Amino acid sequence: MQKKDIDWSKLGFGYMKTDWRYSRIWKDGSWQEGGLTDKAEVTISECAGALQYAQTGFEGLKVYETKKGEIVAFRPDLNAERLQRTCDRLVMPKISTGDFIDALDQLVKANLGYVPPYGSGATLYIRPFIYGCGPVIGVAPSPSYEFRMFCTPVGPYFKGGVKPIRIMLSDYDRAAPHGTGDIKAGLNYAMSLYAGEAAHKAGFSENMYLDAATRTYVEETGGANFIFITRDGRKVITPKSPSILPSITRRSLMVVARDYLGLEVEERPVRFDEVSSFAEVGLCGTAAVISPVGQIHTKDGDVDVPSGMQEMGPVLTRLRETITGIQMGEIEAPEGWIHRIC
Ligand SMILES: *Cc1c(COP(=O)(O)O)cnc(C)c1O
């Protein structure tokens, strides 16, 4: 299909309306037949569960044009499974992994002109979500739901791409210890906006959260998990906590670190006061892939990460190059990681 006339290199991380999106309604106890629509707006009850009680969950994944010209998605089965967990926790009906991937295939094939060309540095971001669209005034699950999936071509998440960023440690908590911190839900993002804006206003890219119960351990930022590289450059450590979102990028990076780069990997609680002992600090997620952190600002002073503010450290650079090489079809992927759409 003819590519759309878009200046791919100028894209930031933003929404662009594309031609088609997928929609499927759940009502009267079952999923109706789904399909593509060109309507980019939704009309729902003013009393919809999503609007009144934040009964809504989402996913985010990327589609790539590979070196060979194939159009592929990176581990979409894990996004489907995570959305199923989110639906369970928010009492919403689930979409099967098969139906999720079928919707993805239909959506991408209908919008092929928006898939950024190989080597452009841009990708097609896919946003699946499920929300309660039927009316609820007493606190209860919504009587009806929409599963929707749209796509938008995107460039780098942070301005400057892989330049180190400065983040801030504030007194805000992202998620309660036994709350919903481990699901991808709008409610967690709504609760992180205030701290995120405070960080932005103070000149930082993100806010860093500690565990709400003890304020001792590193959790994550509003939308990305942490990885740390030890001073000897041989080990990747990532925080373990029941209230952080299980990032697919982070889980994939741990496999890449171990199996492709021969590094040791460890998932364990990480105290904030240990952070200054690491050589490199990275934020990882689908949107940013890996973003290096150069400095962490706290009210007791700044933590300067040894890899500095000039460029990404050497281990994070190798991790980033390897995972993007796998995603773009330049490096052979582990079995089952790449879903070919066409
Ligand atoms: C989506 C998300 C991430 C990153 O997860 P990926 O699966 O790697 O995209 C990290 N933290 C939060 C809170 C998220 O919502």
Side-chain angles (χ1 to χ4, degrees), residues 22-26 29-31 34 48-50 53-62 73-104 107 125-134 136 139-150 173-192 209 211-213 217 219-227 238-255 267 269 284-287 334 336-337 339:
Y22 179 93
S23 166
R24 188 174 183 187
I25 298 290
W26 188 94
S30 63
W31 286 108
Y53 303 124
Q55 198 187 17
T56 169
F58 69 99
E59 273 301 324
L61 65 153
K62 281 177 174 174
F74 184 70
R75 310 189 79 180
D77 51 322
L78 296 190
N79 294 97
E81 286 165 20
R82 197 168 60 187
L83 186 59
Q84 289 154 12
R85 282 186 51 232
T86 299
C87 287
D88 271 339
R89 187 68 172 78
L90 295 180
V91 201
M92 302 194 290
K94 283 181 282 202
I95 287 280
S96 72
T97 302
D99 287 353
F100 182 97
I101 291 178
D102 176 55
L104 171 68
L107 172 76
Y125 183 75
I126 312 290
R127 173 51 62 87
F129 58 111
I130 300 184
Y131 66 99
C133 51
V136 270
V139 178
S142 175
S144 55
Y145 297 84
E146 181 181 21
F147 168 58
R148 205 169 168 96
M149 197 187 280
F150 65 79
D173 297 323
R174 180 180 160 271
H178 303 290
T180 53
D182 61 339
I183 61 168
K184 213 167 173 72
L187 63 94
N188 290 327
Y189 278 76
M191 292 308 292
S192 76
Y209 294 95
D211 75 292
Y217 296 98
E219 294 261 288
E220 57 173 325
T221 63
N225 286 184
F226 279 100
I227 52 175
T238 192
K240 188 180 176 71
S241 158
S243 46
I244 66 179
L245 197 277
S247 157
I248 295 165
T249 313
R250 186 254 298 163
R251 285 182 273 163
S252 303
L253 284 169
M254 296 305 265
V255 175
E267 186 181 355
C284 59
T286 297
W337 276 23
H339 168 68

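Worth knowing before you read on, the calculation uses all heavy atoms, side chains too, and leaves out hydrogens, waters and symmetry mates. Small disclaimer: the values here were computed from a predicted structure and weren't measured.
With contacts defined as side-chain heavy-atom distances shorter than 4.5 Å, the pair F58/Y131 does not qualify. Using a 4.5 Å heavy-atom cutoff, the side chains of S192 and Y209 are in contact. Between S144 and C133 there is a side-chain heavy-atom pair separated by less than 4.5 Å. Two residues are said to be in side-chain contact when any heavy atoms from C-beta on lie closer than 4.5 Å; V255 and W337 meet this criterion. Contact annotation: the side chain of P128 approaches that of L61 to within less than 4.5 Å [non-hydrogen atoms, C-beta and beyond]. When side chains are defined from C-beta on, L104 counts as touching H339, because their heavy atoms get closer than 4.5 Å. Between K184 and L83, the closest side-chain pair of non-hydrogen atoms is not below 4.5 Å. Side-chain contact between Y217 and S241: absent, with no pair of heavy atoms (C-beta onward) separated by less than 4.5 Å.
Heavy-atom contacts from other residues, nucleotides or ligands closer than 6.0 Å to CE of M254 number more than 12.
Distance check: W31 CH2 to I25 CD1 gives 8.0 Å after rounding to the nearest 0.5 Å. The structure places OH of Y22 at 6.5 Å from CG of D99, a figure rounded to the nearest 0.5 Å. To the nearest 0.5 Å, atoms CZ (R127) and CG (L107) are separated by 13.0 Å. Separating the CZ atom in R174 from the OG1 atom in T221 is a distance of 8.5 Å, to the nearest 0.5 Å. Rounded to the nearest 0.5 angstrom, S96 OG and Q84 CD are separated by 7.0 Å. Interatomic distance, I95 CD1 to I101 CD1, rounded to the nearest 0.5 Å: 12.0 Å.
When every heavy atom of A50 is checked against every heavy atom of T56, the shortest pair comes out as CB-CB, 4.3 Å. What you find for A185 and L90 is that their closest heavy atoms are CB-CD1, 3.9 Å. Between P239 and I244, the shortest heavy-atom distance links the atoms O-CD1, 3.6 Å. Between E59 and Y125, the shortest heavy-atom distance links the atoms O-OH, 4.2 Å. Residues T249 and C284 share a closest heavy-atom pair of CG2-CB, 4.2 Å. Residues G223 and Y189 approach most closely at CA-OH, 3.4 Å, considering heavy atoms.
A donor-acceptor pair under 3.5 Å is formed between the side chain of R251 and the backbone N or O of P246. N188 places a side-chain N or O within 3.5 Å of a backbone atom of T180 that can act as its donor or acceptor partner. Of the possible polar contacts, one joining the Q55 side chain to the S142 backbone as a donor-acceptor pair under 3.5 Å is found. Between the side chain of N225 and the backbone N or O of G285 there is no donor-acceptor pair closer than 3.5 Å. No side-chain donor-acceptor contact under 3.5 Å links W26 to the backbone of G132.
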Exercise. Going through the checks in order, is the side-chain hydrogen bond (donor to acceptor under 3.5 Å, both in side chains) test met by E146 and S23?
Worked result: CA-CA 7 Å; E146 181 181 21; S23 166; 2.6 Å; yes

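Ionic pairing of D182 and R85 is present here: one or more N-O contacts between side-chain nitrogen and carboxylate oxygen are shorter than 4.0 angstrom. The existence of a salt bridge linking E267 and R250 is confirmed by a sub-4.0 Å separation between a basic side-chain nitrogen and an acidic carboxylate oxygen.
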